[in-house]
Amino acid sequence: MLTNRMYRILSTFLLAITFYVADAQTITDITPSPAEITFKEGEYHFQDQPKVRFITLPEGRMPAESYRIKVDRKGISVSYSDPAGAFYAQITLDQLLPDTMGSSSLPYCEIYDYPRFPYRGLHFDVSRHFRSLDFLKKQIDAMAMFKMNRMHIHLTDAAGWRMQIDSYPRLTQFAAWRQQHTWKDWWAGERLYAEEGAPESHGGYYTKEELRELVEYARQRHIEIIPEIEMPSHSEEVLAAYPELGCSGQAYKDSDFCVGNEEVFRFLETVLEEVMDVFPSEFIHIGGDEAGKQHWKTCPKCQKRMQDEGMTSVDELQSYMICRIERFVNSKGRRIIGWDEILQGGLAPDATVMSWRGTEGGIKAMEMGHDVVMSPGRYCYLDHAQDAPFKEPESIGGYLPLDSVYVYEPAEPSMPADRLHHLKGVQANLWSEYVVTDEHAEYMYWPRAIAIAETAWSQPQRKNLDDFRRRALIALDALRQKGYHTFDLANEYGERKLAQTGLEHKAKGCKVIYNKPIQEWYPAAGETTFTDGVIGGWTYSDKRWQGFLSDIDVTIDLEEIQQISYVGGTFMQLIGPGVFMPQKVDILVSEDGEEFTSVATVWNDVSTSAPELLFRSFDTICDVRARYVRYHAYRSTMRGFLFLDEVVVN
Ligand SMILES: [Zn+2]
């Protein structure tokens, strides 16, 4: 029991806290940012819980998923005309209202809110590493907090099949298990599967009962679960369990289904029927990415199919499969969605395209009159490191901080204006090759998924990076209080320091003569790259690093003879994708551009087996007079790429 005095102290304390949190600031803290906020003169004061009136308007009176919150002297009134609108109003109120008791206030205001896009998605790869049902539910809760409404589950891939299919029990008795705990160990080995229940077997699958429970859990939070069943490729696990469905007929030989085999269509239709029985979603994701198609070229069954159908390329064979599957899915009242490779060989008539290899595929599909969800790797692939790689857990590489996710604008100028209504939304993807634990996955999603949520929900004119970062810190606090293992945005290290500031030096702006030509893959800024003062960041794909599959050999013309005391350049090493330090660098100078004298040879001392991202400067201090500086980096004996961002002269 509280004594009177304790009660007075406590209520004064609460008063102070609630007055602090429930001022005008909380209205502007809402994430994702609402479409319209209008402040009025005055404040509504309330004790413990405010008065909230919910007004249900006839369906269709307000846009889908929209709501209006009005705060005035009578209290809070909320209007909406569909259940999603009511749900999102409640989500907003949850952010606005203090969860402590006591006196509080809200400024008089009106919030009118509606989503920019109907599709606001987050992708979960449960094949590479199996995730618990509790984990998925927890992420559904977080998605709902930020008004996301599509959970795309990648249920099948080489690393494991994850859904109970009654007609094909070997999918879960065998293809869902492996001897290695981590994808990395499994991938580095023989990539075998294991019998369910075998000692030391790892993996797992969801029963239909569990998946139905998940679907219902998501539905209550206005989230639709979109299941993905991969075809025609990424199907090694199926073809190990049912080898007769591959072109070779042998286990561990194929990754693509045999499109010439009718049995394959029986398999896929049966599986999809069971999938649609569990998942009521409008969309069924059929994968469609990265098919090798090699065996189709020599397989008699595939060749016969091509002949019978009058096809001239294996791309058309892929298109044949997708179109046929689409007819089946459509016949059940559903629609297919697939990765942008389903454009190859002709797009199925009603297919929606998920554009991941950039945005071109999506734009092309829109021009053809198809719906599109944008998910370009450069902005939406959360498998890249979100901070300085030296302080982050192992990832697939690259660098995708929160800011880079947030600045993505899905409606590009090159999109035809009369087709923009086909742009249905945005999705962030987390492929989980290197993401072993549930905690690590959570860390990769939050806060970057919030940036995607805001891009998908908020009107573009309401977006502002600085303000979003401020609100993201508040949102992360809320997530952490609920037990989420998030990235520590407050202590973000950020981009390489020099990459943020640039660098002044004597050669800046000087002409560079290429003794070996620039190569096509990573041209950066072309011939000005090495002297533009722009320093590369954490990833070689940031268009600041120039990449070569040969020596780098350039001469810089300083325009007049001058005193030189330093020459150097920085290289990057990341052995995963085959990026190495040079074997050595020769630095030479000349007064006339013809006679060169050697100033230094700098040898590499970085191990070519170091697994982490490394930077090393190949430079020398000197005391010479010259107009020309030649910088010659020899390609590593490991072969691979050389990446250099600047040749600094002082
Ligand atoms: Zn075949």
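When a ligand or atom number is given, it counts from 1 through the structure's own listing order.
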Under the salt bridge (charged side-chain N to carboxylate O under 4.0 Å, His left out) test, residues paired with Asp185 that sit two or more places apart: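 Per chain and number, Asp185 pairs via salt bridge (charged side-chain N to carboxylate O under 4.0 Å, His left out) with no residue.
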Partners passing salt bridge (charged side-chain N to carboxylate O under 4.0 Å, His left out) against Arg334 (at least two apart in sequence or in another chain): none
Closest heavy-atom pair and its distance - Gln303, Lys297: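 In this case the closest contact between Gln303 and Lys297 is NE2-O, 2.9 Å.
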Minimum-distance pair of heavy atoms, taken over all atoms of Asn149 and His222: CB-O, 3.4 Å
Residue and atom names of protein N/O/S atoms that fall under 2.8 Å from the Zn ion (ligand 1):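 As for protein N, O or S atoms lying under 2.8 Å from the Zn ion (ligand 1), they are Cys247 SG, Cys258 SG, Cys299 SG, Cys302 SG.
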Within residues 238-248 or reaching into it, pairs that qualify as side-chain hydrogen bond (donor to acceptor under 3.5 Å, both in side chains) - sequence neighbours excluded: Ser248-Asp254
Short N-O contact, Asp125 and Arg131, less than 4.0 angstrom: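 Between Arg131 and Asp125 there is no salt bridge, as every charged N stays at least 4.0 Å from the carboxylate O atoms.
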